[in-house]
Amino acid sequence: MDPATEDLLRALAPQVLGAVVRRYGHFDTAEDAVQEALIAAATRWPDNGVPDNPRAWLVTVASRRLTDLLRGEQARRRREDTVAAQWVPPADVSTVDSDDTLILLFLCCHPALSPASQIALTLRAVGGLTTAEVARAFLVPEATMTRRITRAKQRIKESGLPFSLPPADQRASRQSAVLHVLYLIFNEGYASTAGQNLHRVELSTEAIRLTRVVHRLLPDDPEVAGLLALMLLTDARRPARTGTGGELVPMAEQDRRLWTVESIEEGVALLSGVLPRGEPGPYQIQAAIAAVHDEAPSADETDWPQIVALYELLMRLSDNPMVALNHAVAVAMLRGAGAGLTLVDALAADERVAADHRLPAVRAHLLEMSGDRAAAREAYLAAAARTVSRPQQRYLHARAARLG
Amino acid sequence: MKYMIMLYGSQQDYDVLAGRPTDKPPMTPDEVAAMHAYMGKLHEELAESGELVDGQGLTAPVHARRVQLRGGAPVVTDGPYAETQEVLAGFTIVDCASFDRATEIASKFINPDAPGEYVDVRPVFDSAADLDL
């Protein structure tokens, strides 16, 4: 299938699912029917050409498939027991005109689902990826992913969630859940937690694509713009983040000429549009930090006072030990390794981060900066023992070996 | 006077229309096209004579929801019909001079090649006052 057709199918996937669910209900079965329609299109369109109205074609094929699937289900159920289910009236009927893609995102990122399920369902129902593709991206067997998605849909069905936007009083918290899922998808692609390769580019790309969709739907939301900016400004560094052998290159040592200028410009422009509104949320602040890095000609010439100040702002918004760890690094760059190490050691008592490889990794870097080679080496090895990412293990072992 | 002409069908009849094999022979695409053309023309004629109020077809019975109240709260049964059950499949409401004229119109809705096919015609209440009858 050519990329244009694939893009078209992926863009239409949530619209088609939205149209079918609005008309016939049955989110769980409709989602399967839409997947089959997408597969049918992927098989037929390259030979027969794209229909005049591809969306209508997909809706028709998906509706037919839904009819068949429902007949099978109902026949099965009739043999057992017909149950009348409690009907939950839509919580907010004023939103009938809102975009189905947004409704689907809220549904897939519902807090009743585990983060792993939210991610999988979002990628399939909103992103239009097949189960096999989602499974590949997360390095799990397809059967595992099928079960995960089926369970997630079952959960949504049982919870009787209406196909509508969340009520006004839940809107903010549900929206931050959506943004968090997109952020997790991006991070999983950018800093893979498992496996051979450091990046799984397709996940980062997909997260950026979906966040662009959300930004288009909610253009005035500063945190959506902030998240998109954060992704672009981070992804801009990807070409320099791995060396020729696929090894991890820390930001201080990256060849900044490899950074993607277009992404930096777009991210900075997005950020410049929302920051002046004041009281920036966590994604805007993180994007601002990334922008300061991206605009610095070298690590030494980075505006470290600005970065320290931004991390302190971020720490006031959320009690996140990873933020505190990054703050410690910035403090070390500004005031010296000793000042950073004091902050890192204070974090060691925090059990949320105590077992994470990043704590000893940061300690190792700061010890190396301070000239304590033996302690640095030990800390690098301790960090390597705690990560399951192969590239990170290789990187940490290489750093330790250099000090050997 | 308004009358509702009601057309019936089972899930199997929908399959026949969709050209899907069942106990009955499926309709060919040409037959389906001819039927649609015929129904279209029939409704156009009714519109021209000023007798058409509305005409609609219903989707497959499998998509039906039955809504009831239990303890005052609505409960829903999805797909309440058995596959073989004949249910309302479409209707046309006409506004014409008499029950006999409505019956004449209704007779045109029956496929002469389908033995046993029938439609029902029922007079519609004109106003709330009729309800006192």
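In what follows, every chain begins at residue 1, and chains take the letters A, B, ... in the order their sequences are listed. Remember, predicted model here, so these are calculated numbers, not experimental data.
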Enquirer: Sort A:Arg23 into side chain, backbone, both or neither according to what part of it lies under 4.5 angstrom from a heavy atom of chain B.
Expert: side chain
Enquirer: Just to verify, what does A:Ala37 make a side chain to side chain contact (heavy atoms under 4.5 Å, CB included) with, not counting sequence neighbours?
Expert: A:Leu58, A:Val61, A:Ala62
Enquirer: Holding to side chain to side chain contact (heavy atoms under 4.5 Å, CB included), I want the full list of residues that pass it with B:Val119, two or more places apart in sequence or in another chain.
Expert: B:Ile5, B:Leu7, B:Ala106, B:Phe109, B:Ile110
Enquirer: Take a 6.0 Å sphere around CG of A:Asp52 and say whether it holds more than 12 heavy atoms from other residues, nucleotides or ligands.
Expert: no
Enquirer: How about CZ on A:Arg10, more than 12 heavy atoms from neighbouring residues, nucleotides or ligands closer than 6.0 Å, or not?
Expert: yes
Enquirer: For B:Thr59 and A:Tyr24, run side chain to side chain contact (heavy atoms under 4.5 Å, CB included): C-alpha distance rounded to whole Å, both residues' side-chain angles, the deciding distance at 0.1 Å, then the answer.
Expert: CA-CA 10 Å; B:Thr59 59; A:Tyr24 298 106; 3.9 Å; yes
Enquirer: Under 4.5 Å, counting heavy-atom pairs only, tell me which of A:Arg64, A:Arg71, A:Glu73 racks up the most with chain B.
Expert: A:Arg71
Enquirer: Going from CG on A:Asp68 to CG on B:Asp15, what distance comes out if it is rounded to the nearest 0.5 angstrom?
Expert: 8.0 Å
Enquirer: Is it the case that atom NE2 in B:His43 sees more than 12 heavy atoms from other parts of the structure closer than 6.0 Å?
Expert: yes
Enquirer: Got a second to check how far B:His63's NE2 is from A:Gln74's CD, nearest 0.5 Å?
Expert: 9.0 Å
